[in-house]
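Structure, as structure tokens:
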Protein chains: 2
Amino acid sequence: MENTSELLRQHDIKPSFTRVMIFDYLKENLNHPTVDEIFQALQTSLPTLSKTTVYNTLDLFIDKHLVQPLLMNQQKHYDLITDPHAHFKCERCDTIFDLDVKPPKLDKSTAANYHVYGTQLIYRGVCEKCQKHG
Amino acid sequence: MENTSELLRQHDIKPSFTRVMIFDYLKENLNHPTVDEIFQALQTSLPTLSKTTVYNTLDLFIDKHLVQPLLMNQQKHYDLITDPHAHFKCERCDTIFDLDVKPPKLDKSTAANYHVYGTQLIYRGVCEKCQKHG
DNA sequence: TATAAAACTGTAATCATTACAATTTTATAA
DNA sequence: TTATAAAATTGTAATGATTACAGTTTTATA
């Protein structure tokens with residue numbers, strides 16, 4: 001997985017081995033993983049990894065606007081910032097689906113007052129599968 | 001604050017004194033309070049109120065689609081479902097501002113697969129005040 | 001008035017996140 | 001290379017919002 005280092009450097013992040021691993025995991029897993037999922041998944045390749053490091057690294061990525069946190073079910077989920085898109089969260093099975101809907105841009109007068117660097121559009125409801133079997 | 005009872009009844013909620021108080025508090029405080037804020041505010045008028053009751057009641061309101069939870073800063077904030085609108089969250093001072101922006105409706109083909117009963121549009125960034133004094 | 005159901009309470013447990021001090025690794029310069 | 005400082009990582013302990021749950025009170029019903 002090359003050029004992750006370059007990308008991190010471009011965002012003012014020193015590309016340590018751990019950081020590259022965590023970033024690449026996010027790149028290959030766009031299904032909004034939690035800290036725990038990332039930690040579990042990387043443990044075999046990084047046996048000394050600490051959960052605190054995962055937290056720290058993700059916070060760093062958020063700071064540098066590479067990652068966006070999604071708060072759901074009392075837990076943070078992490079999503080690489082790529083194309084603007086929306087999420088649907090099923091309240092029954094707690095699955096998060098990606099939707100190809102673009103969040104609206106703020107109009108000029110509003111945008112003048114706020115410096116926006118991330119948008120989050122979440123639809124809550126019940127997914128098809130859960131509707132079917134009660 | 002009349003007709004809250006009626007409204008609750010319409011949503012299949014028995015309008016106990018406590019429930020009406022909590023609902024009215026939300027109606028008069030559209031600034032997305034937390035459980036703790038609601039609990040503190042109502043303690044003088046409801047000295048025996050328990051925080052668990054506030055949690056239970058709000059969960060009930062959410063179930064009946066009267067209230068929408070907003071997860072921010074590792075805490076739930078509660079917002080009466082009124083006109084569709086968006087929120088801006090300042091990452092510096094953690095204030096949540098209301099924005100007069102309507103979340104887009106799902107197009108028919110998408111909406112066919114999901115039963116949506118709530119939408120949440122959140123812009124993250126830095127508010128004007130925080131931009132000014134670093 | 002008795003009984004069951006619903007609402008409410010209070011304490012204890014849970015669990016994601018944060019704080020923090022210690023250790024390891026990396027970069028820099030003598 | 002070696003010494004030193006800075007940065008990154010680790011592990012444990014604390015925090016704090018939320019939930020579980022059992023007991024109590026209130027409300028509705030027969």
Side-chain angles (χ1 to χ4, degrees), chain A residues 4-5 8-9 11-25 32-64 66-79 89 91 94 96, chain B residues 4-5 8-9 11-25 32-64 66-79 89 91 94 96:
Chain A
T4 292
S5 296
L8 293 184
R9 245 187 292 267
H11 286 258
D12 206 20
I13 297 169
K14 204 177 297 178
S16 74
F17 188 63
T18 308
R19 286 169 177 172
V20 172
M21 289 291 279
I22 292 176
F23 187 89
D24 283 344
Y25 180 83
H32 335 94
T34 61
V35 159
D36 216 63
E37 283 161 353
I38 299 168
F39 176 69
Q40 301 292 342
L42 295 181
Q43 240 173 351
T44 43
S45 33
L46 290 172
T48 71
L49 183 64
S50 153
K51 207 177 268 188
T52 303
T53 301
V54 182
Y55 274 106
N56 290 342
T57 305
L58 290 168
D59 281 350
L60 178 65
F61 290 168
I62 292 169
D63 256 29
K64 302 300 186 183
L66 281 169
V67 166
Q68 192 158 201
L70 278 180
L71 272 71
M72 291 189 159
N73 310 332
Q74 225 51 35
Q75 250 183 298
K76 277 191 187 139
H77 295 249
Y78 298 88
D79 207 17
K89 188 207 158 202
E91 305 272 303
D94 284 339
I96 303 170
Chain B
T4 292
S5 297
L8 294 183
R9 244 188 292 267
H11 286 258
D12 207 20
I13 296 169
K14 205 176 295 179
S16 74
F17 188 63
T18 309
R19 286 169 178 173
V20 171
M21 289 292 279
I22 292 176
F23 188 89
D24 283 343
Y25 181 83
H32 336 95
T34 62
V35 159
D36 215 64
E37 283 161 353
I38 300 167
F39 176 69
Q40 301 292 344
L42 295 181
Q43 240 173 351
T44 43
S45 33
L46 289 172
T48 71
L49 183 63
S50 152
K51 209 178 266 188
T52 303
T53 300
V54 182
Y55 275 106
N56 291 340
T57 305
L58 290 167
D59 281 349
L60 178 66
F61 290 168
I62 291 170
D63 256 26
K64 303 299 186 185
L66 280 169
V67 166
Q68 193 159 200
L70 278 180
L71 272 71
M72 292 185 157
N73 309 334
Q74 226 51 36
Q75 249 184 300
K76 278 190 186 140
H77 295 249
Y78 298 88
D79 206 17
K89 187 207 158 200
E91 305 272 303
D94 285 339
I96 303 170

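Letters A, B, ... mirror the listed sequences (proteins, then strands); counts begin at 1.
- Residue Thr34(A) is out of contact with every strand shown, counting any heavy-atom pair closer than 4.0 Å.
- Distance CZ (Arg19(A)) to P (dA7(D)): 11 Å, rounded to an integer number of Å.
- The residue Lys51(B) sits apart from the nucleic acid: no heavy atom pair falls under 4.0 Å.
- Considering only side-chain N and O atoms, Gln74(B) lies nowhere under 4.0 angstrom from the phosphate OP1 or OP2 of dA17(D).
- Atom C1' of nucleotide dA7(D) and atom CD1 of Ile13(A) are separated by 14 Å, given to the nearest angstrom.
- Atom P of nucleotide dC15(C) and atom CZ of Phe39(A) are separated by 16 Å, given to the nearest angstrom.
- In this structure, Leu8(B) atom CG and dA6(C) atom C1' are separated by 16 Å, rounded to whole Å.
- The separation between Asn73(A) atom CG and dA17(D) atom P is 19 Å, rounded to whole Å.
- A distance of 10.5 Å separates CG in Leu58(B) from OG1 in Thr53(B), rounded to the nearest 0.5 Å.
- Going from atom CE of Met21(B) over to atom C1' of dA7(C) covers 16 Å, rounded to whole Å.
- For His77(A), there are no ring-ring contact (aromatic ring centres under 6.0 Å, His included) partners at least two apart in sequence or on another chain.
- Ile22(A) contributes atom CD1, which lies 7.5 Å from atom CG of Leu46(A) (distance to the nearest 0.5 angstrom).
- Taken from CZ in Phe39(A) to OH in Tyr25(A), the straight-line distance is 13.0 Å, to the nearest 0.5 Å.
- Contact between the side-chain N/O atoms of Ser16(B) and the OP1/OP2 oxygens of dC8(C) is found at a separation under 4.0 Å.
- In this structure, Thr52(B) does not reach the dT9(C) phosphate: none of its side-chain N or O atoms is under 4.0 Å from OP1 or OP2.
- For dT9(D), the OP1/OP2 oxygens have no side-chain nitrogen or oxygen of Ser50(A) closer than 4.0 Å.
- Using the Watson-Crick or G-U wobble rule with both distances under 3.5 Å, dA30(D) pairs with dT1(C).
- If you find the closest nucleotide of DNA chain C to Leu49(B) and to Gln75(A), the one lying nearer the 5' end belongs to Leu49(B).
- Here the CZ atom belonging to Arg19(B) is positioned 11.5 Å from the OG atom belonging to Ser5(B), to the nearest 0.5 angstrom.
- Ranking dT18(D), dA7(C), dT9(D) by closeness to the Val35(B) side chain, first place goes to dT18(D).
- In this model, the phosphate group of dT18(C) is approached by a side-chain N or O of Lys76(A) to a distance below 4.0 Å at OP1 or OP2.
- Contact check of residues 53-63 of chain B against DNA chain C (heavy atom, cut-off under 4.0 Å) returns Thr53(B), Asn56(B).
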Where do Thr34(B) and Lys76(B) land on the side-chain contact (heavy atoms from CB on, under 4.5 Å) test, with the steps shown first? CA-CA 6 Å; Thr34(B) 62; Lys76(B) 278 190 186 140; over 6 Å; no
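- Using a 4.5 Å heavy-atom cutoff, the side chains of Phe23(B) and Ile13(B) are not in contact.
- The nearest whole Å value for the distance from the CZ atom in Phe17(A) to the P atom in dT26(C) is 11 Å.
- The distance from atom CD1 of Ile38(B) to atom P of dA17(D) is 14 Å, rounded to the nearest whole Å.
- With Ile38(A) as the partner, the side-chain contact (heavy atoms from CB on, under 4.5 Å) test is satisfied by one option alone out of Asp36(A), Val35(A), Leu42(A): Leu42(A).
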